[in-house]
J.: 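This is the structure I have questions about; it appears just below.
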Amino acid sequence: MMRKKKRSSITVDDDSTLDVPKSKKTKSSGRPTKSSAQDLHPDSVFVQFLKESGVTLRAGSTANEIAVDQVIFQKRLQQRLRKNPRFPNIIQEFISALETYIEDPERFRNCLLPCVPSSSSQQDTNSGSYQESLVRLLLGIEMLQTLIINILFEKLPEFMFEGVREDGLNVPRLIINQLKWLDRIVDGKDLSSKLMQMVSVAPVEIQRDIITSLPEILEDSQHGDTAKELNGLLQQNTQLAVPILDALSSLNLSSALLSEVREAVMGTLSAVQLEDLPVVVKFILHSISASGPNEVVCDLRKKLELEQCVLPAVLQASQSRMKSKAVSGVPSCSNGQDSVALVLDVIKSAIRFQKTISEAWLKAIENVDESDDHKVVDLLVLFILHSTNANHSRRGAERVLKVKVRKGLIQESLLQKTFKGHAQVMRGYFPSILALAQGLLRSSDCCVVPFGGHMYKQAFTGFDSYCQQEVVGSLVTHACSGVSGEVDMALELLYELVSQRPAEMSQFTVFVKGILDYMDNLTSQQIRRLFHLLSHLAFGQEQHGGHIQDDMHIVIRKQLSSMVPKYKRIGIIGAVMMVGSMGACRNKPEGSQGGTLPKETHRQVMALLELVRSCSESSPEAAALYYDELANLLQTCKLDLLVQAWIGKSVLEDFQEDFVVDLGPDISGPFVFPASVMYNLDDDESQGGIAINLLPLMTQDQQRVSPLCLSPFFRLLRLCEEVQHQGDLEEIDALLGCPLILTDMEKVESLSKAEREFLCSLLFYTINWFREVVNAFCKLNDPEMKMKVVTRIQNITYLQSLLQTCLAATPGYTPPQANFDGESAEGMIPSSSIALPKKGKDSSGRKRKASASKNSSGDKSQLKGAADAEDSQQEKEKDAKSGVSLSSYWPFFRELDVEALSVLQCGLLSRTLLDTELHSKVKREEVQLGPAELLFMLEDMWRKLDFSLASAPAKKAPFLKSKTDRAVGFAHLQQKNAKEIATCCMELLPTLCTHLENCHNHFQTLLSEHQGVVDAPGVDVKEQQLMCSAYQLLLQVLHTTFSWAGFSGPEHRALLKSALGVLAGRLKEDETDLTLDQLSRHAFEYLQNFRSTVPSLNTALCLTQLLIVLSQYGGSNHRTYREQITSLTRHFLCQEWVTASGEKERGNKYNDALQTLLSIYLEHTDDVLKAVEEIAGEGVPELMNAAKDANSRSWPTLNRQTFLVYYKSMMAELERAVRKIPPSKQMDSQEVCVCFEKLLTWNLAVRDFHILINLVKMFDSRPVLTVCLKYGRLFLESFLKLGMPLLDYSFKKHKEDVQSLLKTFQLSTRQLHYMCGHSKIRQDTGLTNHVPALKKSLEQFVYRVKAMLTLNHCQEAFWLGNLKNRDLKVRFDEEEEESSQLQSEEEV
């Protein structure tokens, strides 16, 4: 053990300390004579005693020699001193002689250096082993130790300021080393005080040496006092932080003292130097006890400012220049990146080896509530946690990051700052960064997906080429995954990287090109994006990826030549994207032909356009797609002027030749129907006018030009004109008002099926023509043009009513395709059209099912006749409808551009003031939207917002692919991002508010004129229905807009404030600079004013949902909002809803809206149990006592048709409410108030449950029984889990309350038992499916009560009996047997 200690002392000395004496020894050993120290001091006691004991002192640079073993020397010397006649005075003489001897620095140095074995002595085989210095040998003698220590401390100041000598020795360090690892310290307290005194006066270097050596010098008993002194020293001098912490970490301290020291160290964290920071952090983390790491880590996180460890860019550049000039051997101490890397390594090792610290870091990051409070260290620690092998750390890091990103607390700016300042450090965590980015991009939560994209971009930008390759490979994997949202984001990111860093991306072109093999799984928009980025690489101005040009041409030609429509479609889209990149406008080179393209490039573009045109001529669908794609290209890309001119010229000539005819005196031809010129808006009609020859095109036997291409071709023509004439459409504005050659389409009854289908197609073509006309001219400000645009919308609404009638008479009809970038029209045939011939079968089947379910319930019910009433109502509605709904046909209409929504800015005019003959010549000075036109525009707007802003519930690919693609009909909309759509909505918000107020005023006027009667005689029913639908759609549009997930992010906070400001401004115009809370409150108050005029329950639900969304933006007034929403929903539930025709609202949509509204009421009310009791205890008895078709007096929406809705909502909310009751613990029994309050809550819940179960005796229909069995089991399970533990602890103190609760609950469980028997007797599988689980819970309840009695020492009061099987109508007071629980409680 001693040998080991001695060796360890060597390691502390500098190398130079050990090397020098060896070299000196070698020199001296070569001399012929040795000069002895005895010659100078022959009579010295010190010299004499040493010589007798076995040590010979040498002069000069020669090392002292030892002739005996070290232990023998110490024993001999001690004996000579003790046996000397002058003992103990001889000790003082010995020390005085020593002091005299070491006055010479050379001799002192020799005494501090190791001795060497004597050459003349007969040593054993260990003679070459290490020998201690003379001073250390003397320190090992207890009687001399204290005196020699005093001498050493007196000598130390002499050498303090000398530094390192010429021979490389550091004398102060040699002196300190003598004190290390002594076998025994005689006076440890005195030694520690002397050391600390020396620290207080010594220079910094010696201070460091002393402090670092303290753990190796002091005994354990002195560690506590020394630690306190070191702690105080640390507060005074942070320069000594590293040696002090190094020493403290090696001292044996109590937990209390360690905690005190750690707090003090934490206080100095912000003041320590950067290079000392890793040591400080290491000490803090290693000193954490297992019991309380959370507070320490949280405090450390707050004070760790890694942002300040990075120099500004200018200083970094200058420092890098200085480093390049500096000598390579000199290390740079000012590099902040190295220090940050060391700090993170310290954190990583602590996390890896201590689970409590990893959990504490997660909790510390999780507890941050403000985005401004998050730091760079948070992201770095999350990457560290993910990089560790522990699964809990990895999953925890993923979870916390997702939550923080979803809430907007960790933002792109923080990520950018982290990458910018610490790219070198983060490179080590690249695998974790890549894995986290992959997880975020694959997430079904659309809020976190963009952050994953930012991580990919930053990793590509900040790391080396290997990492860039991994990023591109990962993005390509995402793009080939087949999951729509993931593919969209991956292609978007790849395009951004190609646009911003084409040179780097060109190295990985082969990877990106691999996506071409997976095009079968891509949508048209994704194919468009893929070819856009590939052609940008291959044919862009720099042509970084020029080596794949040939591959691109081969792929395009192969796809274009295919006869399969799907592949031809891919070829057309890809070719047009290539034209966009090849023909893009550039800087004008030499030798170009007036444009900006080189001759060869221009020739290639023209050849490619001709190739696509020739390949698409054979198919009208392919030609129409070509026109649409070319139009999109002109809209989104600035082409070379020559290319633009060539396209514009050919398009104008072809359109005039193919679709426009001059009007003559008569129209002749072999037409199926008599032709007539219709829908002319030009007043100066003459024989020289033009018309669109739609009917002749449809009746041609061999169609050279298909009417399918009319709308796409016109869109291309319009965009060519816009591009060439900077938005001026004067050359083609005649097409806005020009008529069409059509036929009378109002009478369809007497026509054959083929003729009706012809008329349907003609109507679709006409409507789509008008829709494209509206797209083209909607942005013009000329009043006359605006008038014509609104008139065209009136034409569309009128033609749609004709189309509804025509479609109803033409079952199985497939409309002509209108959107050509999706699958063929066969996959989008509306199911309603196919199902129409089977109407009779369906209806009879439904009746049979209704009668079967009626028979299954053996007894007469108060719901008798409800199903018949429902069927008769549906038949009435179908008879009243003259056509079918067009909502399922919307993929067959041309898409309206977002710009067309500006038509909404026209005013609102009542339908009764409009001329019914829409195609006649009516001159109006002012044109306004009618209710039908407003409804048409709002429907289109809501559909657009629902597609762009509504967050998709899941982005994963469905197991079974639906026939219709959700994106069909939104090709133009997909070119805009969600923020652009939201901005467009905000611009239209004042107009929408005006329309909303007009609807409100309309119904308010109606109610005031007819004394509050909605269905008064003289009211225009159709107009009422249109206004009601418009009212509902306006609220839906606002709801979808404000529900946009993007508003939760800080980057869109200004947009949200602007939108709320528009609503708030309608109420308080003068106030400005309001906070978000104030704006949301004013907007809430503004919309709440519409509660009095909502015409239908669905509209009321839309208003309620909109107010709930707005309340979420008002941070501090949640309770007020809840109360107002509760009051509002109760008002709607206590209102009788009547349609414009005077009938009560009913049907599936009404029931769904009622259930949602009732659920909102019960969720927002303060006391759910009281609300359920009020409805079940007051409203339902009123219904039972009322007439057959009457309502409950206090709840008018509650009738026999809606009882099931009420019953299901009350059962569901009751079960949800009891699940929220806090679970009971043993300690609650000491807190009587808490225990009694919970018991009271359970009493109320059980009483409500009993009331609801009892209602089944009066309303015993099959759906009610199903609800009762399902939610009865869930309530019983919650009671067993949460309620019974409370009864265990409450039984002794509240015996009567517990007994009352169980008696009431027993009545309910008995009724559930009878329902199980009823279900088995009726053999109804829909009911019996619930029985086994319910029976199990009922049995558990019996034994759980027994367990409770046993716990409270009343087990003898329990006995078990059998219940007889009875039907649902049995009265409880006629029963002969009591159940086990009731008997047991009575006996107790």
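Predicted model, so just to flag it, every value in this text is computed and none were measured.
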J.: If you measure from NE2 on His374 to NZ on Lys417, what distance do you get to the nearest 0.5 Å?
T.: 12.5 Å

J.: For Thr356, does its backbone N or O pair with a side-chain atom of Glu359 as donor and acceptor, under 3.5 Å?
T.: no

J.: For the residue pair Tyr456 and His478, confirm or rule out a side-chain donor-acceptor distance under 3.5 Å.
T.: yes

J.: For a salt bridge (charged side-chain N to carboxylate O under 4.0 Å, His left out) check, start with the C-alpha distance between Asp378 and Arg301, then their side-chain angles and the critical distance, and finish with the verdict.
T.: CA-CA 8 Å; Asp378 294 337; Arg301 184 203 150 272; 2.7 Å; yes

J.: Could you tell me which residues satisfy side chain to side chain donor-acceptor pair (under 3.5 Å) with Arg529, sequence neighbours excluded, listed by chain and number?
T.: Glu492

J.: Does the side chain of Tyr518 come within less than 4.5 Å of Leu530's, by heavy atoms?
T.: no

J.: Just wondering, do Leu516 and Leu534 contact through their side chains at under 4.5 Å, heavy atoms?
T.: yes

J.: Under a 4.5 Å cut-off applied to non-hydrogen side-chain atoms, are Ser581 and Met578 in contact?
T.: no

J.: Side chains of residues 360-368: which donor-acceptor partners sit under 3.5 Å, not counting sequence neighbours?
T.:
| from | atom 1 | to | atom 2 | distance (Å) |
| --- | --- | --- | --- | --- |
| Glu366 | OE2 | Arg399 | NH1 | 2.8 |
| Asn367 | ND2 | Lys363 | O | 3.2 |

J.: Quick check: does any side chain N or O of Thr509 sit under 3.5 Å from a backbone N or O of Ser506, one acting as donor and the other as acceptor?
T.: yes

J.: Ignoring hydrogens and angles, tell me if any N or O in the side chain of Lys348 forms a donor-acceptor pair with the backbone of Thr388 under 3.5 Å.
T.: no

J.: Are the side chain of Gln526 and the backbone N or O of Thr523 linked by a donor-acceptor pair below 3.5 Å?
T.: yes

J.: Taking the side chain as every heavy atom from C-beta outward, state whether Lys420 and Gln458 have any pair of such atoms under 4.5 Å apart.
T.: no

J.: Any non-hydrogen side-chain atom of Val579 less than 4.5 Å from a side-chain atom of Leu633?
T.: yes

J.: So does Gly473 get a backbone contact from the side chain of Thr477, meaning a donor-acceptor N/O pair under 3.5 Å?
T.: yes

J.: For Ala490 and Ala479, work out which heavy atoms get closest and say how close.
T.: CB-N, 3.7 Å

J.: Report yes if the distance between the aromatic ring centroids of His454 and Phe419 is under 6.0 Å, otherwise no.
T.: no

J.: Kindly compute the distance separating CG (Leu382) from CG (Leu401), expressed to the nearest 0.5 Å.
T.: 6.0 Å

J.: Could you please spell out the steps behind the side chain to side chain donor-acceptor pair (under 3.5 Å) verdict for Gln424 and Arg427?
T.: CA-CA 5 Å; Gln424 178 186 338; Arg427 173 63 181 83; over 6 Å; no

J.: Output the distance between atom NZ (Lys979) and atom CZ (Phe1047), rounded to the nearest 0.5 Å.
T.: 10.5 Å

J.: Checking Gln975 against Thr636: is there a side-chain donor and acceptor pair closer than 3.5 Å?
T.: no

J.: For the pair Phe531 and His536, evaluate ring-ring contact (aromatic ring centres under 6.0 Å, His included) and give the outcome as yes or no after the intermediate values.
T.: CA-CA 8 Å; Phe531 276 106; His536 188 90; over 10 Å; no

J.: Parallel, tilted or perpendicular, judged at 30° and 60°: which one describes the rings of Trp1044 and His1052?
T.: tilted

J.: Specify the closest pair of heavy atoms between Ile556 and Ala575, including all atoms of both residues, with the distance to one decimal.
T.: CD1-N, 3.6 Å

J.: Taking it one step at a time, do Val487 and Asn521 satisfy side-chain contact (heavy atoms from CB on, under 4.5 Å)?
T.: CA-CA 10 Å; Val487 176; Asn521 297 326; over 6 Å; no

J.: To the nearest 0.5 Å, tell me how far His386 NE2 sits from Ser393 OG.
T.: 10.5 Å

J.: For Arg1053, enumerate each residue passing the side-chain contact (heavy atoms from CB on, under 4.5 Å) test, keeping only those at least two apart in sequence or located in another chain.
T.: Leu1056, Leu1076

J.: Run the side-chain contact (heavy atoms from CB on, under 4.5 Å) test on Ile347 and Leu304 for me, step by step, so that the C-alpha distance in whole Å, both residues' side-chain angles and the decisive distance to 0.1 Å come before the verdict.
T.: CA-CA 12 Å; Ile347 295 173; Leu304 204 56; 4.2 Å; yes

J.: Please report the shortest heavy-atom distance between Ala538 and Met552, naming the atom on each side.
T.: CB-CG, 4.4 Å

J.: Any chance you could measure Asp445, atom CG, to Arg406, atom CZ, to the nearest 0.5 Å?
T.: 4.5 Å

J.: Please name the pair of heavy atoms, one in Val346 and one in Pro278, separated by the smallest distance, quoted to 0.1 Å.
T.: CG2-O, 3.8 Å

J.: Taking Asp464 for the side chain and Cys467 for the main chain, is one N or O donor matched with an acceptor at less than 3.5 Å?
T.: yes

J.: Provide the closest heavy-atom pair for Val643 versus Leu639 in the form atom of the first, atom of the second, distance.
T.: CG1-CD1, 4.3 Å

J.: I would like to know whether Phe460 and Glu504 meet side-chain contact (heavy atoms from CB on, under 4.5 Å); could you show each step before the answer?
T.: CA-CA 9 Å; Phe460 187 90; Glu504 288 97 325; 3.9 Å; yes

J.: Around atom CD of Glu370, are there more than 12 heavy atoms from other residues, nucleotides or ligands closer than 6.0 Å?
T.: no

J.: Any chance you could measure Asp640, atom CG, to Met582, atom CE, to the nearest 0.5 Å?
T.: 12.0 Å

J.: If you take all heavy atoms of Leu379 and Leu415, which pair is closest and at what distance?
T.: CD1-CA, 3.7 Å

J.: Are Phe451 and Lys402 side-chain neighbours, meaning at least one heavy-atom pair lies under 4.5 Å?
T.: no

J.: Do Gln635 and Asn632 have side-chain heavy atoms sitting under 4.5 Å apart?
T.: yes

J.: State whether the number of non-hydrogen atoms from other residues, nucleotides or ligands found under 6.0 Å of Lys282 atom NZ is greater than 12.
T.: no

J.: Could you tell me whether Lys513 and Asp551 make a salt bridge, using a distance below 4.0 angstrom between a side-chain N and a carboxylate O?
T.: yes

J.: Is the number of heavy atoms from other residues, nucleotides or ligands under 6.0 Å of Tyr495 OH greater than 12?
T.: yes

J.: So, the side chain of Ser474 versus the backbone of Val471: is there a donor-acceptor pair under 3.5 Å, distance only?
T.: no

J.: How about Leu522 and Ile570: do any of their side-chain heavy atoms sit closer than 4.5 Å?
T.: no

J.: For Ile548 and Val512: C-alpha separation, side-chain torsions, deciding distance, then whether side-chain contact (heavy atoms from CB on, under 4.5 Å) applies.
T.: CA-CA 11 Å; Ile548 63 162; Val512 183; over 6 Å; no

